[in-house]
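Note sheet for the following structure.
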Amino acid sequence: MIEDLRKGRFTLPAETGIDNEVKRIIEKWGADAIRNSDGTILSNELMDMAVKVYTTYLTVRNDQQWAYSHRDQLQMQYLMSKHNTAANEVLEIDLLDGYFNKQFEIDKDHDIKRYWEVIDRTSGELLDVNHWEFDCNTQKVVINNAKKWHRYTVSFLAYQVWDTTQMYNHLTNNWTTAPEMPYDAIHEETREHIFSYLDNWLKENPSVDVVRFTTFFYHFTIAYNDKAKEKFVDWFGYSASVSPKAMDEFEKVKGYRLRAEAFVDEGYYNSPFRVPSKEFLDWIDFVQGFVAENAKKCVDLCHSYGKEAMMFLGDNWIGTEPYGDYFGNIGLDSVVGSVGSGATLRLISDIPHVKYTEGRFLPYFFPDTFYEGGNPTKEAVENWVQARRAILRKPVERMGYGGYLSLALKFPEFVEKIEDITNEFREIHYKMEGTKAYTAKFKVAVLNAWGKLRSWQTNMVAHALWYKKIYSYVGVIECLSGMPVDVVFMSFEDIKKKGIPEDIGVIINAGDAGTAWSGDKYWVDDEVTGKLREWVHNGGGFIGIGEPTAYQHQGKYFQLSDILGVDREMGYTLSYTRHDNAQEETHFILQDQKSKIDFGEGMKYVYRVSDSTQILSMDNGDINLAVNEFGKGRAVYISGLPYTPENVRILLRALYWAAVKEEEMFTWYTSNSNTECAAYLQTGNVAIINNSDKVQETEVYRDKNSAVKLSLKPYEIKWICMEL
């Protein structure tokens, strides 16, 4: 059995020219599958080995001869020019000023007066098409009757003449191959070519077992600046799914025409932080329907040749959102995605409608990490430990890494550590036996404007990257990813249409005011606020983080301040004198706290509005943590909650307190916040993990009256039998 635990569930990135080393690592890391990466190939000898073979398939750039001979069918993006201030009545706007001219070429093939817009950004008015012209030679738009000292922008279409991922690899990994261009499946001629090319490729590659689509048709939004650096990135962005052809098809399907502004969105490009407009939601629905219909044809072709179809959750993933309405229609065998955190692990592992999921762990074997003096081992351990929490709750079935194995082989310590990680991953699966760990008897709902569609993607800008201003909110999702609670994602529209499900015990609303995550104008919808007030009053729990329920309206900023017991000072009520801001010394939520709480950036000027509000933490008169009771229900306010082991414990205790189930928290619980446990009741196995780099002593509780003491080495996972 020990030998069985040293092989399987692992996909190795391989490359030609190091065949003997590949064979050695297959044995050492227990790989049962190999794969190529973008830019690498597999030798015939490796392909014929007795392991499963994955091969990357690039649906919209595999045939560059087609791309160069059909430049009018390349993919496009809507771009917005810089804001230009008019000093006189004639204003010239250089469209590509600030953009990377190797990535984009201005579309001169379609009716610019039909598809472009010039907007007075001072007044918000759309300029009449007769008041501006485009000069093809200078690539500038000329406004002839501009209002002095008003600011203007141009929204225009541009061809993508360099594929985003390949461009990234050129700039990051020093590639020297010719630039590749992505073609657009919206054109019937190109679409049929995609299918026929795939059919021929499948015939010519009999050794391939798994076709790893990277992904299907449309890349997430990336635009580079004129210094060849990222200008803006939106991992959820639909800007690259737009074209005149697609807009015309949309009009036929949805019955109305979209403006350029529906995509440019004042320069925000429909960031997921924006409350989505009806137009943008309709566009998402249109693109998802189109992508699913045609991705299914690709999958069916793979199946007809006896091959599995796998989708990479990244790159050209737009339109394939796994929690959307159409994903199940595609018929994929599996999804693989990059694991940057516990939240992204759950984003992958919770995906429905597939036979198995697979995670690409970090670091990628790229020269930005694997360089002389670099420490890829440290990054690998940190990535694994953070993801492991989520794996114990809902694992991916397989794991692997990406990039160039030849780089990783230069770091022997890294090679040894990955052997330990892969063995630990297999051991977890062996002990779990496909069962689920114990969870609380109530569910936790994360409430925002996106709901289920953005499950585990709340408050993210790009996939698992750290950003100032949001880490205090992403931390909430990261904490939840490995906690013993079942988590669902719910939208305000869900509440309006369906109400609040009976199995929900606590609702979390976390985010900055005005964002989709907090809710913005939904908080002045009395149908939403009324149903929530009734639910909490009857015994529900509500946790608000940052600026929950925030919208300035009728003398209140937090619209559920009556539930939360706090509000935020916006300068309008400074005339009111506030008394008695005494801080509570003890509370159930604080009982495991050994050091000062990390609230991240926090939120200033939050104050108490109810005599029943208990202040648990404050800083210079600003409340960071408070609790309140509303009818039979309870509420918790937290100013921010970045991911730390201590904050996992704060949130866990807050959940049980808000749900009025404090005693139940001690079912499969550890006393030390640096440790956590996962109990598999059906198998009799309990995993206790140390999430820190130091030795930890902890007590493991089966219930409040039954516990055992344990010592764990740094980052150790220890398995015990359930009979404590």
Going through the distances and angles, do V485 and T439 end up as a side-chain contact (heavy atoms from CB on, under 4.5 Å)?
-> CA-CA 5 Å; V485 293; T439 57; 5.6 Å; no
Contact between P363 and F414 at the side-chain level, heavy atoms closer than 4.5 Å - yes or no?
yes
Of all heavy-atom pairs linking V566 and V606, the shortest is CB-CG1, 3.8 Å
Contacts of N624 meeting side-chain hydrogen bond (donor to acceptor under 3.5 Å, both in side chains) (sequence neighbours excluded), chain-then-number -> S639
Original post:
Are M311 and F327 close enough that some pair of their side-chain heavy atoms sits under 4.5 Å apart?
Top reply: yes
Check: Is there side-chain contact between F361 and S338, with heavy atoms separated by less than 4.5 Å?
Finding: no
Short N-O contact, D562 and R533, less than 4.0 angstrom
yes
Under a 3.5 Å distance rule, please check whether N459 uses its side chain to pair with a backbone N or O of Y473 as donor and acceptor.
no
Rounded to the nearest 0.5 Å, the OG1 atom of T458 sits from the CG atom of N448 at a distance of 4.5 Å
(Q) Looking at N647 and I650, would you say the former's side chain and the latter's main chain have a donor-acceptor pair under 3.5 Å? (A) no
Open item on the list: If we ignore hydrogens and angles and just use 3.5 Å, is the side chain of S349 paired with the main-chain N or O of V396 as donor and acceptor?
Closed with: no
Query raised in the report: Is there a side-chain contact between T667 and Y438 (heavy atoms, below 4.5 Å)?
Result: yes
Contacts of R653 meeting side-chain hydrogen bond (donor to acceptor under 3.5 Å, both in side chains) (sequence neighbours excluded), chain-then-number -> D592, Y669
- prompt: Can you find a heavy atom in the side chain of L313 that is under 4.5 Å from one in the side chain of I351?
  reply: yes
Residue pairs passing the side-chain hydrogen bond (donor to acceptor under 3.5 Å, both in side chains) test with at least one member in residues 383-394, sequence neighbours excluded, are W384-E424, Q386-E478, R388-E424, R389-E676
Rounding to 0.5 Å, atoms CG (L465) and OG1 (T344) come to a distance of 10.0 Å
Check: Does the side chain of R35 reach to within under 4.5 Å of the side chain of P13, using non-hydrogen atoms?
Finding: yes
- Message: Under a 3.5 Å threshold, yes or no: a donor from one side chain and an acceptor from the other, between Q288 and E321?
- Response: yes
Are the side chain of R346 and the backbone N or O of S481 linked by a donor-acceptor pair below 3.5 Å? yes
*asked:* Less than 3.5 Å apart, any donor N or O on the side chain of T675 or N672 sitting next to an acceptor on the other?
replied: no
Report task. In plain terms, say whether D619 and K596 are close enough for a salt bridge, that is, a side-chain N and a carboxylate O under 4.0 Å apart. Result -> no
>> Is it true that E358 and T11 share a donor-acceptor pair across their side chains at a distance under 3.5 Å?
In response: yes
Partner of D32 under salt bridge (Lys or Arg N to Asp or Glu O under 4.0 Å), picked from R426, R398, K7, R6, is R398
- Query: Quick one: are the ring centres of W466 and Y471 less than 6.0 Å apart?
  - Reply: yes
Separation between CD (E413) and CD1 (I418), nearest 0.5 Å, reads 10.5 Å
Problem set entry | Electrostatic pair E699-K709, nearest N-O below 4.0 angstrom | no
Note to self: Under a 3.5 Å distance rule, please check whether T549 uses its side chain to pair with a backbone N or O of L560 as donor and acceptor.
What the structure shows: yes
* Main-chain N/O of K713 paired to E716 side chain as donor or acceptor, under 3.5 Å -> yes
Here the gap from R634 atom CZ to I563 atom CD1, rounded to the nearest 0.5 Å, amounts to 15.0 Å
Side chain T215, main chain G314, donor-acceptor under 3.5 Å
yes
Value for OH (Y701) from NZ (K704), rounded to nearest 0.5 Å, stands at 8.5 Å
Parallel, tilted or perpendicular: which describes the rings of F630 and H537, with under 30° parallel and over 60° perpendicular? perpendicular
query = Taking the six-membered ring where the residue is Trp, are the ring centres of F273 and W517 under 6.0 Å apart?
reply = yes
*Do T357 and E397 meet the criterion of a side-chain donor-acceptor pair at a distance under 3.5 Å?*
yes
For S472 and E601, does a side-chain donor sit closer than 3.5 Å to a side-chain acceptor?
no
Does T613 offer a backbone N or O that forms a donor-acceptor pair with the side chain of R608 under 3.5 Å?
yes
Sequence neighbours excluded, the answer for salt bridge (Lys or Arg N to Asp or Glu O under 4.0 Å) partners of E664 is none
Practice item. Please lay out, stage by stage, how D512 and S518 fare under the test side chain to side chain donor-acceptor pair (under 3.5 Å). Key: CA-CA 6 Å; D512 278 350; S518 175; over 6 Å; no
Only residue of K498, K497, K496 satisfying side chain to side chain contact (heavy atoms under 4.5 Å, CB included) with D494 is K498
The reported gap from CG in L480 to CH2 in W456 (rounded to nearest 0.5 angstrom) is 5.5 Å
Would you mind reporting whether L447 and F492 have side-chain heavy atoms less than 4.5 Å apart? yes
Residues at least two apart in sequence or cross-chain that pass side-chain hydrogen bond (donor to acceptor under 3.5 Å, both in side chains) with E308, listed by chain then number, are K52, Y356
Given 3.5 Å as the limit, does a donor-acceptor pair link the side chain of Q593 with the main chain of Q591, or not? no
- Show your reasoning for whether salt bridge (charged side-chain N to carboxylate O under 4.0 Å, His left out) applies to E427 and K431. CA-CA 6 Å; E427 182 184 34; K431 297 286 190 179; 5.1 Å; no
Quiz item: Can you list the steps and then say if Y522 with E493 is a side chain to side chain donor-acceptor pair (under 3.5 Å)?
Solution: CA-CA 9 Å; Y522 276 110; E493 292 296 329; 3.0 Å; yes
Exercise for review: Quick one: do D486 and K443 satisfy salt bridge (charged side-chain N to carboxylate O under 4.0 Å, His left out)? Show the steps, please.
Suggested key: CA-CA 5 Å; D486 290 323; K443 289 184 179 179; 5.9 Å; no
Aromatic plane relationship, Y401 with F10 - under 30° parallel, 30 to 60° tilted, over 60° perpendicular
tilted
So does E527 pair up with K531, basic N to acidic O under 4.0 Å? yes
For K661, the salt bridge (Lys or Arg N to Asp or Glu O under 4.0 Å) test, sequence neighbours excluded, returns none
Checking V381, N691, N690 against Y715 for side chain to side chain contact (heavy atoms under 4.5 Å, CB included), the one that qualifies is V381
Heavy-atom donor-acceptor pair, E433 side chain to T435 backbone, under 3.5 Å:
no
